[in-house]
Amino acid sequence: MNFVKRAARSLAARKGRTAMLLGIFLVIGVLLLGSSLLRGATARQEADAQRRIGVDVTVRGDGLTTDTAAALGGSPLVERYNPMLRGTTAPPGLDPVTSDAPEPAGAEGDGRDDAGGDRGDGLALSGIRDSGLLPAFARGRTELVAGRGITAHDADREVLLLEERLAERNGLRVGDTVELASPDGAVRTPFEIIGLYRTPLPTPAAWVPPRDIPANQLYAPLAAVSALGFGSALDETVLKAGSPDAARELAALAEDLLGPDGFRADINDKAYREQVEPIQRAGALAGVFGWLASLGGAAVLGLIVTLEIRSRRAELGMLLSLGERKWKLIGQHTAEAVAVAVPALALAAVLGLVLARPAGEALLPPSPDGPAPLLMTAGDVGSVAAIGLGIALVSTVLPGAAIVRPHPRSLLTHSE
């Protein structure tokens, strides 16, 4: 009789053993599939966290200009960068937000001297390239409430970001125009408001100059602020790298460009570590879990198959004495294991589709964008099927070869 037919009849005759093997293969399949899906989800979540958070390298130095910042930002190690030029402006007709405390005696009033120039206590103006890289915006403490932020595409435009309290005080909204003045007040340029933001920082209770009040912080493209008369010497530039290693290389590159004197590079990877390291640990745990499931499953199945074959010594001895090839006997047991493994792995895939979402929410670390779903692909199912069938082969071929190695008479003698 063909050994495949014998395998089918053996499975039908031994329903309890077949059900037990089916359950074991189902558990192994679910564990392997869960491990594979978890590794895939952690890899996607880690890549997203690296893209979204990255590692900030803040460079300061005497030789830091718009040109050197552009040279640093053009490095392949840099994903995004944001040079910053700070100054103080006294926009004509723009009423700043002030504290309720009375102005102390001797404090300078409106921020302009008799010639109309700025005395240094007007509104704070920052020239930037990308508002999304400002620490408060990147961490979600400051949020846009209308319009949009400043991007690299606004480099050649005169556009402006205002805090909503300053806008409400002056009756301004997105699309309106505000005239900004140079440090000496001689040059005035109209800027279009493209966005309003909200900062949680309150207006100080004690009196402070208007430029130090959070609501009086203005943001405009770097080139427009520089052209307004604020020069090209930058206060700092923030470079976003994809990993701590890339950040260290950037710091070394900045030192080579600016020189060791008067140079400083601060690497801030705290947010990166807080987000990425738990994801990496979950991925590593999933990998260990997959190996344990594979090795444990192979060991359990090998033991069960060994005991099952030992209990069938008489059958094996009889078939061998009738001239059956040993490889066909091993093939019969392998066919039995594969015939049980295939439907078990298919059922594991169905369970994976049902349990993927709740499992992802329970096992993966939280993300600002919500829980990362465990997405099942054909590659995941294929890899799990290959491992499962490999376990079936190993757990049957090795013990089967050891059992059928003796002479048929020896098998019949030991079975009595």
Determine yes or no for a side-chain-to-main-chain donor-acceptor pair under 3.5 angstrom, with [X] supplying the side chain and [Y] the backbone.
X: Ser131; Y: Gly149; value: no
X: Asp176; Y: Arg173; value: yes
X: Thr89; Y: Ala181; value: yes
X: Asp184; Y: Ala186; value: yes
X: Asn216; Y: Val97; value: yes

Which heavy atom in [X] sits nearest to a heavy atom in [Y], and how many Å separate them?
X: Ala348; Y: Leu26; answer: N-CD1, 3.7 Å
X: Phe263; Y: Ala254; answer: CE1-CB, 3.6 Å
X: Pro204; Y: Val208; answer: CG-CG2, 3.8 Å
X: Leu234; Y: Pro83; answer: CD1-CB, 3.5 Å
X: Gly63; Y: Thr68; answer: O-OG1, 3.5 Å
X: Ser99; Y: Ala206; answer: OG-O, 3.5 Å

Approximate separation, where rounding is to 0.5 Å, of [X] [atom1] and [Y] [atom2]:
X: Leu253; Y: Arg248; atom1: CG; atom2: CZ; value: 15.0 Å
X: Leu123; Y: Leu166; atom1: CG; atom2: CG; value: 6.5 Å
X: Met84; Y: Ser126; atom1: CE; atom2: OG; value: 5.0 Å
X: Thr58; Y: Ile267; atom1: OG1; atom2: CD1; value: 10.0 Å
X: Gln217; Y: Thr142; atom1: CD; atom2: OG1; value: 10.0 Å
X: Leu161; Y: Ile150; atom1: CG; atom2: CD1; value: 4.0 Å

Can you find a heavy atom in the side chain of [X] that is under 4.5 Å from one in the side chain of [Y]?
X: Leu180; Y: Thr189; result: no
X: Val225; Y: Leu125; result: yes
X: Leu239; Y: Asp56; result: no
X: Thr237; Y: Asn82; result: no

Strictly by ring-ring contact (aromatic ring centres under 6.0 Å, His included), give each pair with a member in [range] just once, sequence neighbours left out.
range: residues 150-169; answer: none
range: residues 231-257; answer: none
range: residues 165-191; answer: none

Item checked: side chain to side chain contact (heavy atoms under 4.5 Å, CB included) between Arg86 and Glu236, intermediate numbers included -> CA-CA 9 Å; Arg86 295 188 179 94; Glu236 65 183 35; 3.7 Å; yes
Next item on the list: For Ser243 and Asp245, test the side chains for any donor-to-acceptor distance below 3.5 angstrom and give the result as yes or no.
Entry: no
Note to self: My understanding is that only residues two or more places apart in sequence, or in another chain, count here; which of them pass ring-ring contact (aromatic ring centres under 6.0 Å, His included) with Tyr197?
What the structure shows: Phe137, Tyr219
Notebook entry, point to check: Can you name the ring-ring contact (aromatic ring centres under 6.0 Å, His included) partners of Phe25, sequence neighbours left out?
Noted result: none
With sequence neighbours excluded, residues passing salt bridge (Lys or Arg N to Asp or Glu O under 4.0 Å) with [X]:
X: Arg141; result: none
X: Glu158; result: none
X: Arg157; result: Asp154, Glu192
X: Asp95; result: Arg169

Next item on the list: Mind running side chain to side chain contact (heavy atoms under 4.5 Å, CB included) on Leu222 and Ile128 for me, showing each step along the way?
Entry: CA-CA 5 Å; Leu222 175 63; Ile128 59 174; 6.0 Å; no
Checklist line | Electrostatic pair Asp235:Arg60 at N-O distance under 4.0 angstrom | finding: no
Item checked: For Leu77, side chain to side chain contact (heavy atoms under 4.5 Å, CB included) partners two or more places apart -> Ser75, Ala246, Glu249, Leu250
Notebook entry, point to check: Should Val159 and Ile193 be marked as a side chain to side chain contact (heavy atoms under 4.5 Å, CB included) after you check the CA-CA gap, both sets of side-chain angles, and the distance that decides it?
Noted result: CA-CA 6 Å; Val159 294; Ile193 301 173; over 6 Å; no
Next item on the list: Output all residues satisfying side-chain hydrogen bond (donor to acceptor under 3.5 Å, both in side chains) with Glu163, sequence neighbours left out; order by chain, then residue number.
Entry: Arg165
Margin query: I'd like to check the side-chain hydrogen bond (donor to acceptor under 3.5 Å, both in side chains) partners of Arg281; sequence neighbours left out, ordered by chain and number.
Written below: none
Item checked: Arg264 atom CZ, over 12 foreign heavy atoms within 6.0 Å -> no
Check: Does a sphere of radius 6.0 Å around CG in Asp156 hold more than 12 heavy atoms from other residues, nucleotides or ligands, not counting ones at 6.0 Å or beyond?
Finding: no
Next item on the list: Decide side chain to side chain contact (heavy atoms under 4.5 Å, CB included) for Leu133 and Lys240; before the verdict, give the C-alpha distance in whole Å, the side-chain angles of both, and the deciding distance to 0.1 Å.
Entry: CA-CA 8 Å; Leu133 286 181; Lys240 184 173 288 295; 3.0 Å; yes
